[in-house]
Amino acid sequence: MELVQMQKSLQDYTKSLFLDGVLDSQFLQLQQLQDESNPDFVSQVVTLFFQDSDRILNDLSLSLDQQVVDFKKVDPHVHQLKGSSSSIGAQRVKNACVVFRSFCEQQNVEGCHRCLQQVKKEYYLVKNRLETLFKLEQQIVASGGMIPAMELGF
Amino acid sequence: MALGDLSSSSSTSELHVLAVDDSIVDRKVIERLLRISACKVTTVESGTRALQYLGLDGDKGSSGLKDLKVNLIVTDYSMPGLTGYELLKKIKESSAFREIPVVIMSSENIQPRIEQCMTEGAEDFLLKPVKLADVKRLKELIMRGGEAEQEKTSNLISPKRILQNNIFFFIIFFIITITIIFIV
């Protein structure tokens, strides 16, 4: 595939993530913080997010599987995940966490289980999409090209 | 340490910021936001670690950890253990560090919380996720606060000098007038 074509594909793909609401403007903020001195900043932060989220989701699953659910333990985990997803612009994960927290407040175990599934679904979606995005970027860089700056024409 | 003295007494334009956040993702982001805004950054993951870094935890031996003077503390509000608010209180209670501006960050826009922090002496309250514009604005605020101290003395000099010059002319004019009256 030609370099120009690859760059166009990347732009279209990135744009689709914003249009689908998977990512929000905070992701653009992160991209603004990336430059020649820190060329891998975004992927570094996102990798940290993946590692942190895997841990949190695991803890949440364990907490909700207890005979008696301790919501004092569940809520801080959800709050953490809400915070980190918000910091990288993973909008749908963040929104799912907001709903999750309201069920925690109501101490609704059934509701919380459903929310956890929803959060996991959104998380794996954004993880998948971002991994694809980084692969596209790597292909461009490997072909000697530059990552095109995100145009905010939408 | 001599190096520490140099950096605290000189009017360098680089701020040293202590960033406190229990989230590893947020620490990475705030560190980059601050570095890109030409600040030196030290990040810690809890209020307790922040107090240790400042040497406020009662352990005399730990005060040697700090090699640079801290000009600004930015802390998350909701943290396990010591909250950002409690950290703010401890800093304002200490005679050594109460002058250091403290900024609170939170993902929740809770008015009573904001008021509580501002009343306790917080410099500002940032809503997460923190953006580059927030950090730039904050840096300007802090720098202006430091420069205002220097400006106070320099501003007194120029208008005073102008006033002195004016008085000089008035006196000359007065003397000439009196002289003319005497001659006439």
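Side chains included, hydrogens not; waters and symmetry mates left out as well; all remaining heavy atoms used. First the proteins, then the strands, lettered A, B, ... as listed; each starts at 1.
- Taking hydrophobic clusters as Ile, Leu, Val, Met, Phe, Trp and Tyr residues chained together by side-chain heavy-atom distances below 4.5 Å, I88(A) shares a cluster with L133(A).
- When side chains are defined from C-beta on, K28(B) does not count as touching S87(A), because their heavy atoms never get closer than 4.5 Å.
- Proximity of Q32(A) to K131(B): side-chain heavy atoms (C-beta onward) are nowhere separated by under 4.5 Å.
- Below 4.5 Å, heavy atoms of chain B meet no heavy atom from residues 90-100 of chain A.
- No chain of hydrophobic side-chain contacts below 4.5 Å, direct or via other Ile, Leu, Val, Met, Phe, Trp or Tyr residues, connects V4(A) to V141(A).
- I180(B) and I172(B) fall within the same hydrophobic cluster, where Ile, Leu, Val, Met, Phe, Trp and Tyr residues are linked whenever their side-chain heavy atoms come under 4.5 Å apart, directly or through other members.
- Connection of V130(B) to V42(A) is established within a shared hydrophobic cluster, with ILVMFWY side chains joined at heavy-atom distances below 4.5 Å, either directly or through further cluster members.
- Of all the heavy atoms in Q29(A) and L132(B), the pair that sits closest is OE1-N, 2.9 Å.
- Looking only at side-chain heavy atoms (C-beta outward), S107(B) and K82(A) come within less than 4.5 Å of each other.
- Remark: R27(B) CZ to S84(A) OG distance equals 12.0 Å, nearest 0.5 Å.
- For a residue to count as touching a neighbouring chain, one of its non-hydrogen atoms must lie under 4.5 Å from one of that chain's; by this rule I24(B) touches chain A with backbone and side chain alike.
- Sparse packing is recorded around NZ of K90(B), with 12 or fewer heavy atoms of other residues, nucleotides or ligands lying under 6.0 Å away.
- Residues of residues 47-77 of chain A having a heavy atom under 4.5 Å from any heavy atom of chain B, listed by number: L48(A), F49(A), D52(A).
- In this structure, the separation between CZ on R32(B) and CD on Q44(A) is 9.5 Å, given to the nearest 0.5 Å.
- Using a 4.5 Å cut-off between side-chain heavy atoms of Ile, Leu, Val, Met, Phe, Trp and Tyr, with links allowed through other members, F103(A) and V78(A) fall into different hydrophobic clusters.
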